[in-house]
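Quantities reported herein were computed from a predicted structural model and do not represent experimental measurements. Whatever order the structure lists ligands and atoms in, that order sets their numbers, starting from 1.
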Amino acid sequence: MRARTMEGREIELKPDAFDGLRLRLRGPMFLPGDVGYEESRTVWNAMIDRKPAVVARCLGIADVIACVKFARENDILLCIKGGGHNIAGLAIADGALMLDMSLMRGVWVDAKRKVAHAQAGCLLGDVDRETQVHGLAAILGFVSLTGIAGLTLGGGFGYLTRRWGWTSDNVVGMDVVTADARLVRANSDENTDLFWGLLGGGGNFGVVTGIDYMLYPVGPEVVGGVVAWPASEAHKVLELYRTLADKAPPELTLIALMRPAPPAPWLPKEMHGKPIVALLACYSGRPEEGEKAVASIKAFGKPIGDVLVRRPYAQLQSLLDATQPKGRRYYWKSEYLPRIEPALCEKVIEHAARIRSPHSAVILFQIEGALNQLGDEHSPVGNRDARYVLNAAGSWEQPGEDRANVEWARDAWNDMKSFSTGGTYINFLTEDEGPERIEAALGRGLARLAEVKAKWDPQNVFRTNRNIKPA
Ligand SMILES: Cc1cc2nc3c(=O)[nH]c(=O)nc-3n(C[C@H](O)[C@H](O)[C@H](O)COP(=O)(O)OP(=O)(O)OC[C@H]3O[C@@H](n4cnc5c(N)ncnc54)[C@H](O)[C@@H]3O)c2cc1C
């Protein structure tokens with residue numbers, strides 16, 4: 001049986017090498033060939049094909065501690081899988097002992113304190129489902145199948161970001177198993193340096209086993225959904241986006257996208273596969289006000305489809321799920337933007353017209369608001385000057401189409417990156433993006449992150465991530 005050391009050296013192990021680990025676990029353990037191994041080792045992006053030496057599907061904190069101890073004692077590389085949605089496949093490493101957190105999906109809501117404790121294997125939809133029982137919501141992302149751990153540890157943004165900031169700005173504490181296999185609490189009173197590092201610095205400092213989120217009254221009904229027009233209307237629609245987004249109240253978040261129309265039932269059949277421009281909106285305040293806020297979108301020109309309506313917040317949170325299924329091939333290029341300029345809109349139209357696959361899109365997310373009101377030193381997620389996110393999102397099915405689709409995303413990005421703040425989102429970086437892109441994402445916090453790393457993980461046990469070397 002082959003495995004890798006923490007330094008990445010390949011080693012040959014005896015067939016019973018992991019028997020000792022199995023005895024220490026409450027959850028199941030899988031070796032290559034076992035039922036469960038393939039499901040655990042595959043991630044959202046089918047471009048990633050790596051084979052861990054062993055998978056431990058942890059059932060609780062004691063299992064996590066057992067894995068960290070075992071990896072340390074036997075010098076085996078460790079990797080951690082949350083929701084498995086990282087586009088670079090950071091959850092999986094060849095030859096590693098993989099902690100699969102997918103059985104740890106409990107959520108406990110304290111409605112009085114407006115705080116939810118979520119186990120680190122939760123997907124976004126797990127948290128929304130439980131918090132919405134109380135008419136509350138955490139600040140999470142747009143696709144309900146994404147893991148909370150990876151999203152939160154890299155920053156996190158979604159429909160509520162304009163009102164309350166990055167996801168990580170709304171974390172009140174984390175439970176962490178450290179490199180020396182101790183369970184510690186990180187919050188604004190305890191282990192404050194570790195807490196600071198976890199708010200955007202990636203999973204560099206330990207295995208997070210639980211996250212406490214601040215909650216806010218949202219829903220259960222909001223106004224949200226999509227309106228679409230043929231791409232021939234893109235100049236006008238993107239101008240509408242620019243002007244509306246510029247004066248939108250914080251309750252309203254607007255996203256513009258261009259792509260070939262998906263085969264969705266709310267779009268006419270004859271438009272499927274044809275280029276469209278669409279505006280996605282969420283008004284998270286009172287629905288009556290939301291209807292007024294989105295009226296000009298619904299009344300604009302002649303839409304080919306309109307599902308921008310009152311709906312449950314939890315439903316809106318999963319509206320995009322089907323457009324991003326696990327198992328396709330994905331490649332993104334992304335930048336933060338300080339504003340939307342007319343010249344950028346021209347480029348969006350130009351590059352959308354060159355899309356090479358029925359699933360790809362150019363997307364502009366609005367995030368401006370609360371996140372801009374904190375200083376860069378608040379947490380390593382930084383990028384407090386970001387007001388929009390640009391994503392050239394390539395998505396296709398066949399390996400033979402890799403080159404054309406990757407090239408499309410790279411060309412679009414090369415042509416549009418001059419509009420950037422200079423910063424990029426750590427959680428959108430692809431496998432081939434190296435240190436200079438980590439610098440673009442975390443630049444201002446890197447020196448302090450290296451100090452936190454030196455204190456909490458001096459031997460770099462947690463390295464299969466956007467790795468920060470100990471100072
Ligand atoms: C379809 C899709 C939609 C997305 N939408 C959004 C969005 O709306 N907003 C947004 O901000 N981002 C979004 N993202 C990006 C997302 O935040 C990242 O992909 C994130 O890494 C996903 O987290 P995960 O737990 O699923 O990832 P994984 O691939 O499981 O892990 C990612 C990284 O986190 C580490 N990690 C995971 N769990 C733990 C843990 N318990 N302790 C320590 N480290 C851990 C892993 O080791 C790895 O390095 C989206 C991604 C996809 C694919």
Side-chain angles (χ1 to χ4, degrees), residues 40 42-46 48 50 58 61 64 67-68 78-93 96 98-102 104-105 118-124 139-161 166-168 174-179 186 197-198 200-211 253 255 280 282 317-328 330-332 334 359 361 363 365 367 371 381 383 386 389 391 393 395 425-431 457 461-468:
S40 268
T42 48
V43 288
W44 169 78
N45 185 359
I48 308 297
R50 300 190 197 125
C58 299
I61 295 172
V64 173
C67 288
V68 175
L78 258 185
C79 63
I80 311 158
K81 185 182 177 196
H85 265 49
N86 186 274
I87 189 163
L90 296 180
I92 316 280
M98 188 177 102
L99 281 85
D100 175 344
M101 304 293 283
S102 63
M104 293 178 61
R105 285 173 67 176
Q119 286 184 306
C122 281
L123 308 182
L124 308 192
I139 314 310
L140 300 170
F142 302 101
V143 171
S144 76
L145 304 172
T146 313
I148 62 162
L151 180 132
T152 307
L153 289 167
F157 64 89
Y159 291 118
L160 306 179
T161 296
W166 299 114
T167 302
S168 57
M174 294 198 195
D175 299 324
V176 188
V177 172
T178 56
L198 291 165
N204 260 283
F205 312 104
V207 187
V208 173
T209 56
I211 307 177
T253 294
I255 297 164
L280 190 64
C282 169
Q317 285 289 84
S318 58
L319 196 72
L320 300 180
D321 289 7
T323 66
Q324 308 282 319
K326 179 179 175 185
R328 265 200 215 133
Y330 295 94
Y331 186 86
W332 296 344
S334 188
H359 310 303
I363 312 171
F365 300 93
I367 54 171
L371 77 86
V381 64
N383 290 290
V389 184
N391 198 11
S395 166
Y425 184 27
I426 191 109
N427 273 346
F428 281 3
L429 297 183
T430 42
E431 202 182 0
D457 184 16
V461 170
F462 303 105
R463 63 176 69 200
T464 59
N465 42 35
R466 293 295 171 188
N467 197 230
I468 290 152

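- Heavy-atom separations between Thr464 and ligand 1 include at least one value shorter than 4.0 Å.
- Residue nearest to atom 12 (N) of ligand 1, selected from Leu151, Ile367, Val381, Asn427: Leu151 (by heavy-atom distance).
- Asn467 and Asn204 form a side-chain donor-acceptor contact under 3.5 Å, judged by distance and modelled atom types alone.
- Counting heavy atoms only, Trp332 comes closest to atom 51 (C) of ligand 1 of the residues Trp332, Trp166, Phe365.
- For Gly89, the closest heavy-atom approach to ligand 1 does not fall below 4.0 Å.
- A donor atom on one side chain and an acceptor atom on the other are found under 3.5 Å apart for Ser40 and Asp100.
- Residue-to-ligand polar distances place Gly147 within reach of ligand 1: an N/O pair is separated by less than 3.5 Å.
- Looking at Trp44 against ligand 1, only its side chain comes within 4.0 Å, counting heavy atoms.
- Ranking the protein heavy atoms by distance from atom 1 (C) of ligand 1 puts Gln324 CB, 3.6 Å first.
- Of all protein heavy atoms, the one closest to atom 36 (N) of ligand 1 is Ile80 O, 4.1 Å.
- Counting protein heavy atoms only, atom 9 (N) of ligand 1 is closest to Phe157 O, 2.7 Å.
- The closest approach between a heavy atom of Gly84 and any atom of ligand 1 is below 4.0 Å.
- The aromatic rings of Trp166 and Phe157 sit perpendicular, their planes meeting at an angle over 60°, well past the 30° parallel limit.
- Not a single heavy atom of Gly158 lies less than 4.0 angstrom from ligand 1.
- The distance criterion of under 3.5 Å between nitrogen or oxygen atoms is not met by Asn465 with respect to ligand 1.
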